[in-house]
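What you see is a predicted model, and the numbers here were worked out from it, not measured in a lab. Atoms within a ligand are numbered from 1 in the order they appear, just like the ligands themselves. What's counted below: heavy atoms across the whole structure, side chains too, no hydrogens, waters or symmetry copies.
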Amino acid sequence: MKKFKVGILGATGMVGQKYISLLENHPWFKVVYLAASKNSAGLTYAESVKNRWHMNTPIPEGVKKIIVEEVENVENAAKKCDFVFSAFEISDKNLIKEIEEKYAKLGMPVVSNASANRWTDDVPMLIPEINSEHLKIIKIQQKNHGWDKGFIVVKPNCSLQSYITPVYALMKAGYPVKKIMITTLQAVSGAGYPGVASLDMIDNVIPFIGGEEEKTEEEPLKILGKIVNNKFVKNKDIKISATCTRVPVTDGHLASINILFKDKKPKKEEIIKIWNEFKSIPQELKLPFAPTFPIIYKEEENRPQPKKDRDTDKGMAVTVGRLRECPIFDYKFVALSHNTVRGAAGGGILNAELLVKEGYIK
Ligand code: NAP
């Protein structure tokens with residue numbers, strides 16, 4: 001198979017670096033284009049990340065000498081790329097939206113990690129195991145803008161990836177969920193680089209992450225929602241309440257979750273069986289980045305743990321544990337997902353693989 005030529009916007013950041021390391025030997029995608037802010041533009045990639053390469057593997061040889069471009073040089077990207085992964089950060093979200101739209105207008109599919117387009121009416125917020133049917137909106141998006149080949153697809157926030165798939169698996173098995181209460185313990189890499197100052201983080205827990213609780217409560221409602229009259233309509237049957245905290249862990253967002261079912265309540269053994277057997281479209285299509293089992297239940301009472309479980313199945317599986325009855329809700333459990341892999345670059349790659357397999361990226 002001829003490989004797709006891929007660009008990474010925000011290639012020097014925490015998520016951009018993860019894309020580069022995960023794509024090193026990808027069977028379908030070849031990284032040919034890298035872009036970041038004007039501070040990095042004009043340097044080779046190796047120079048641009050000197051003293052700030054955070055991956056555990058060396059910078060891949062194939063990208064070291066690529067000259068970093070400015071994200072806003074959309075025309076340059078259009079000459080070289082079949083599609084782009086977007087992982088750049090600017091405080092002005094409208095500007096991110098504008099730039100991503102420019103890429104789409106020039107015919108490039110944009111697989112985005114940014115929050116700027118997550119609530120755009122005709123942009124799908126995708127977790128391939130849950131809502132692949134939302135890709136249908138792409139044709140409407142292209143029609144709305146008059147784009148032919150380009151379009152935008154986003155992935156949701158990293159904070160909700162640990163619990164949304166286990167909750168969805170139960171809903172799909174016939175046990176709709178009514179209320180969810182979550183407390184997240186989120187890793188420092190979730191704040192990008194340099195992120196939270198070490199003096200704020202060491203020996204400490206910070207009980208606030210700006211905007212994160214709103215995303216954790218609201219984004220699942222779009223993911224579990226429907227397309228009605230060419231727009232997304234939120235799922236109105238579920239209420240979510242979240243507290244998001246930052247903890248001194250490098251990678252891996254842990255969450256403590258309490259759930260209340262709408263009507264019937266499954267037995268504990270049945271829930272574990274549903275989770276362990278859950279498979280979906282990425283597994284059926286054998287997408288290269290799909291975990292064999294998206295949810296893995298750990299029987300040990302002291303798991304999951306970020307250090308021990310975040311890399312399960314290439315960092316793409318969600319690990320759950322400590323399922324027990326709750327005196328207020330029906331059940332409580334703990335869940336973990338790797339924030340820069342499943343929650344960012346790995347999730348973006350899985351989205352792109354689905355878009356190729358479904359014929360949207362050609
Ligand atoms: P980061 O480490 O701070 O990296 C930011 C990137 O954006 C760098 O490549 C930077 O380039 C570039 N950039 C900064 N200012 C720019 C400008 N004015 N124009 C163009 N590019 C600019 O952030 P990150 O953690 O990788 O996050 C990137 C995106 O992914 C964000 O939207 C974030 O919300 C999202 N995300 C992150 C995570 C996570 O776990 N970290 C998870 C899910 C989603 P320079 O190096 O040249 O400054």
Side-chain angles (χ1 to χ4, degrees), residues 7-22 33-55 63 67-74 76-77 84-100 102-103 110-118 125-127 152 154-162 164 184 186-196 209-212 214-216 219 244 246-247 249-254 306 310 315 336-351:
I8 300 171
L9 316 179
T12 51
M14 208 70 188
V15 177
Q17 292 183 20
K18 189 56 97 178
Y19 268 117
I20 284 176
S21 61
L22 293 178
Y33 186 87
L34 303 172
S37 79
K38 58 173 181 289
N39 300 330
S40 306
L43 301 173
T44 64
Y45 185 68
E47 286 164 347
S48 76
V49 292
K50 196 173 166 206
N51 301 326
R52 55 171 179 148
W53 175 256
H54 298 290
M55 302 298 110
V63 299
I67 303 293
V68 179
E69 308 266 350
E70 257 191 76
V71 164
E72 294 202 45
N73 283 346
V74 184
N76 276 357
V84 293
F85 290 107
S86 167
F88 65 101
E89 179 67 342
I90 306 180
S91 50
D92 180 354
K93 302 294 170 213
N94 287 329
L95 187 54
I96 298 185
K97 199 164 186 274
E98 239 175 68
I99 294 172
E100 289 188 342
K102 280 187 192 163
Y103 278 85
V110 178
V111 180
S112 180
N113 289 70
S115 60
N117 266 306
R118 287 194 194 139
M125 198 185 326
L126 190 64
I127 295 183
I152 301 168
V154 297
K155 54 159 291 307
N157 203 49
C158 47
S159 60
L160 52 101
Q161 310 267 341
S162 60
I164 186 79
T184 66
Q186 299 184 210
V188 203
S189 61
Y193 184 78
V196 189
I209 310 175
E212 209 77 351
E214 293 80 353
K215 290 174 191 166
T216 310
E219 290 182 10
C244 294
R246 185 78 72 197
V247 296
V249 162
T250 50
D251 291 310
H253 289 350
L254 193 74
R310 63 191 166 209
L336 170 80
S337 81
H338 195 309
N339 56 296
T340 60
V341 183
R342 173 49 98 156
I349 294 169
L350 191 65
N351 283 354

Distance-only donor-acceptor pairs under 3.5 Å for side chains of residues 7-19, two or more places apart:
| residue | atom | partner | partner atom | Å |
| --- | --- | --- | --- | --- |
| Q17 | OE1 | H54 | N | 2.7 |
| Q17 | NE2 | T12 | O | 2.9 |
| Q17 | NE2 | R52 | O | 2.8 |
| Y19 | OH | N113 | OD1 | 2.6 |

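For the 3.5 Å distance criterion, the side chains of S159 and T216 qualify, holding a donor opposite an acceptor.
When every heavy atom of K93 is checked against every heavy atom of A116, the shortest pair comes out as O-CB, 3.4 Å. Scanning both residues, I99 and V71, for their nearest heavy atoms gives CG2-CG1, 3.8 Å. Scanning both residues, G343 and C158, for their nearest heavy atoms gives O-CB, 3.7 Å.
Protein residues are said to neighbour a ligand when one of their heavy atoms lies under 4.0 Å from it; for ligand 1 these are G10, A11, T12, G13, M14, V15, A36, S37, S40, R52, V71, A87, F88, E89, I90, N113, A114, C158, S189, G190, G192, Y193, N339, T340, G343, A344.
Remark: K38 NZ is loosely packed, at most 12 non-hydrogen atoms of other residues, nucleotides or ligands lying under 6.0 Å away.
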